[in-house]
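What follows is one structure encoded as structure tokens, with my remarks underneath.
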Amino acid sequence: MYAKVIVDVPAKQTNRAFDYVVPLPLRKWVEVGSRVGVPFGPRVLQGFVVELQEESSVDPKRVKAIQHVMDVVPPLTPELVGLGRWMSGMYLCHEVTALQAMLPGALKAKYERGIQIGDHAGEQARTALPDVLDILEFVRLKGTVGMEALMERFPNEGLLVKQLIESGALSEVQIVKDRMNTKKALTIFPPEQIGVLEDAVQELSVRAVKQKEVLRFLMDHPVPIRLAELMDKLQVGAGTVKSLSDKGWFELREVEVGRDPYAGRTFLRTKPLPLTDEQDHVFQEIQSAVAAHRHEVFLLQGVTGSGKTEVYLQSIQECLDQGREAIVLVPEISLTPQMVERFKGRFGDLVAVLHSRLSNGERYDEWRKITRRQVKVVIGARSAIFAPFTRIGLIIIDEEHESSYKQEESPKYHAREIAVQRALQHQAVVVLGSATPSLESIQRTRSYRGGKPSYRLLLMQQRVAGRPMPKVHIVDMREELKGGNRSMFSRPLYKAIEERLHKKEQTVLLLNRRGYATFVMCRTCGFVSTCPHCDISLTYHQSSRMLRCHYCGYAEREVSQCPSCSSEHIRHFGTGTQRVEEELGKLFPGIRVIRMDVDTTTEKGSHEKWLTMFREKQADVLLGTQMVAKGLDFPDVTLVGVIAADTVLNLPDFRSAERTFQLLTQVAGRAGRHEKLGEVFVQTYTPEHYSVQCASRHDFGGFANHELDIRATLGYPPFQRLILITFSHEELPLLVKSAEAFVTRLKELAADQLRSENDLFSAVEQTPEPAHMEVLGPVASPISRIKDRYRFQCVVKYRGNVQASQLIGSAVSWFEERSSKEKLQISVDVDPQYLM
DNA sequence: AGCACGCCGACT
DNA sequence: GTCGGCGTGCTC
């Protein structure tokens, strides 16, 4: 039997399956999706089995054999292996990169050089020096020892070890390992015949009180128990237990334990809540599609506070009752303890939780519950979409408009697209939930394919318990300036904060400053510190007092004098939250402020810590960036202030209006979630802008219609799809020349395809719209240099039946064949979130 | 990605 | 005359 294996080398030339013989003893372990160690050239690599077959077309003399299988249960299912193939074509990445993205980091292979005793060790042993004997003995004892461990033990013998390897006294082997240390715990295994412990009690001396206590406990509880737990329960020392095991009364050995990050926490079991009519209608729609095994995508548009989560929970329950599994995606930021609690409370141990705050080992343990079939529900951030379930019934993506569902590194996939792809394979249902759906999704509820919309729209427009939406005031900052107020707080917002302080209610302040970094500028000559390797200004980091480049990590010390004109008038710009905090302190002496931004939330768990403090009313104001806008729910917050609503609007990005609208709507939803009425103040320099206006009226429909009109006119998504191609090279003239050659070739290919596609179109008249494709550029990228490489980009716009990825793929291969030696890097981003 | 093979400049 | 620079090509 032969296996086709994708090896762990992300390179063009190795981006194909290699054939290996499956040795007889491994046959029952090797499956499609297995992770295997295979000899590849001179070394041993990790690989993924993507196909099994009886025959191989490769010359039998050249075929090697699979060396070992790395997991008892294959970490990938055949469906995921197929998905990997699809992703590599769709997102133009190496197949192994796609497969790797599906697995927890702990399963990424680690390669180590190992040393073993060689065939000629005996000859050395007679004649050798004491040093040599020491080394040989050490290696013999260990069996196989990592090169690092050996060097640690014999720090000065590097040369000698090398000689020993050359003479054959030692031999070098490759070790493929996981990047993971499984946590082990000493565990006591009571004997099968528990009665024999009675004899033990008799034999022990009268003084061995503690030992007898241990034995009695085991007789009462004849199941394996962790040593630590027993010691804790009976208040005995490890020595007591150890001496009993030494006498052979029971076995004490290490077993692998799952690290359960939620261990020791009990979750209050909750029962399904009664649904409102609106909720019930939505639930029925979802449930009947799941029950019918019908692949369908629902867009659930529900205002904040309309009770989407309860609908999710009950739909999942239906899905589980049918013996199928469910995946729930939430943005990382809203994967809060409260969120986890709701799922754990309803489904208990059937839930695995995957989020980035877990350590590698913890995440692996949660993930392993899936392959072990211990859980039926996974809740997690983006990559949880790859949960290796085999009977998926329902996939839920909450806050589907969030840009964090798009992975920014290769493979640059969008979890929404993966969800639909997987659901198709499983004949499963996808629910996309949001108060402010992405325009892509809204458009799909309106565009028809085969007589019906691709997505079905479900609406939930009432807040649970009929709480009114908060009143939103727009404050025109230009008027404030005219009125002589140069502070960053308008008078209405100032009054509102003052009022909350009196009433002992809380305030959330949002400083919307994406795209703004804290850079350093000289006020005399205008000099800005920039990275010597990248075309970007350096960011000031408060904690280390260093200037750092976000792209390459270059760092330099903060300067007090301008390097260009020696002026001392040099200051930090855009230190947004900090400056707001200072000003708050001046305006309201004694005010208690919690500031949340990149500076204060880098530490692990700090995010949660600040929110808990705020919840416990240890502060009057929560001040932060984007991160305070999402998913928070504090009963005493009655005021939300947006310091500058339009910073994002001014970015040169076709999605900026959409982002502004989403952010304002979300943050407005933070106010008055409970009995008390909420109020929102939005400070802006462009109060007439439709994204601000519509957000203030809670008018999603109005915003969507207006924005869709604009997108249609300009030919942007969702009416046309985009692909961003970025070229980089160390030498600018070469870069320009190559990029231009590439684009010319791409245009030729596109024209060919369009011609044949549209001939077909006019002949058949079935596709809803004629195919169209244009290639814009190349032009210099907005960040024109990163890590000493110049960057150019081009944007491909297309609609209709165009195999754009495939087309770009062949242009890339054409380019690489034509000029293999030129070090031009090409990076492709399908459906980019940002055009920079 | 590694690693070996292979063809041209600065040294014993 | 060699040692070694990294350009090119291969890995079942």
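Each chain gets a letter, A, B and so on, in the order the sequences are listed, and its residues count up from 1. The model shown is predicted, which means the values in this text are computed figures rather than measured ones.
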Item checked: Sugar-phosphate, base or nothing in reach of A/Y20, heavy atoms under 4.0 Å -> sugar-phosphate

Item checked: Face-on cation placement of A/R16 at A/F18 ring, 6.0 Å and 45° thresholds -> yes

Next item on the list: Measure from CD on A/E816 to P on C/dG9 and round the result to the nearest Å.
Entry: 14 Å

Note to self: Using a strict heavy-atom distance below 4.0 Å, which residues from residues 3-11 of chain A are in contact with DNA chain B?
What the structure shows: A/V9, A/P10, A/A11

Item checked: side chain to side chain donor-acceptor pair (under 3.5 Å) involving A/H94 - partner list, sequence neighbours excluded -> none

Item checked: N-O pairing of A/E366 and A/R363 below 4.0 Å -> no

Note to self: Taking side chain to side chain contact (heavy atoms under 4.5 Å, CB included) as the criterion, tell me which of A/I725, A/T744, A/L746, A/I723 meets it with A/V775.
What the structure shows: A/L746

Check: Once you round it to whole Å, what is the distance between C1' of B/dA1 and CD of A/Q100?
Finding: 13 Å

Item checked: Interatomic distance where NZ belongs to A/K12 and C1' belongs to B/dG2 [whole Å] -> 18 Å

Note to self: By nearest atom, which of the nucleotides B/dA1, B/dC3, C/dC12 is closest to the A/P42 side chain?
What the structure shows: B/dC3

Check: What's the CZ-P distance between A/F48 and C/dC12, to the nearest Å?
Finding: 18 Å

Notebook entry, point to check: So which nucleotide from C/dC12, B/dA1, B/dC3 ends up closest to the side chain of A/Q13?
Noted result: B/dA1

Note to self: What is the distance, to the nearest angstrom, from the CG atom on A/L45 to the P atom on B/dG2?
What the structure shows: 9 Å

Next item on the list: Measure the distance from CZ on A/F40 to P on B/dA4 and round it to the nearest whole Å.
Entry: 15 Å

Margin query: Regarding A/R721 and A/E417, does a basic nitrogen lie under 4.0 Å from an acidic carboxylate oxygen?
Written below: yes

Notebook entry, point to check: Does the cation-pi check pass for A/R153 over A/F138, that is, NZ or CZ under 6.0 Å from the six-membered ring centre and within 45° of its axis?
Noted result: yes

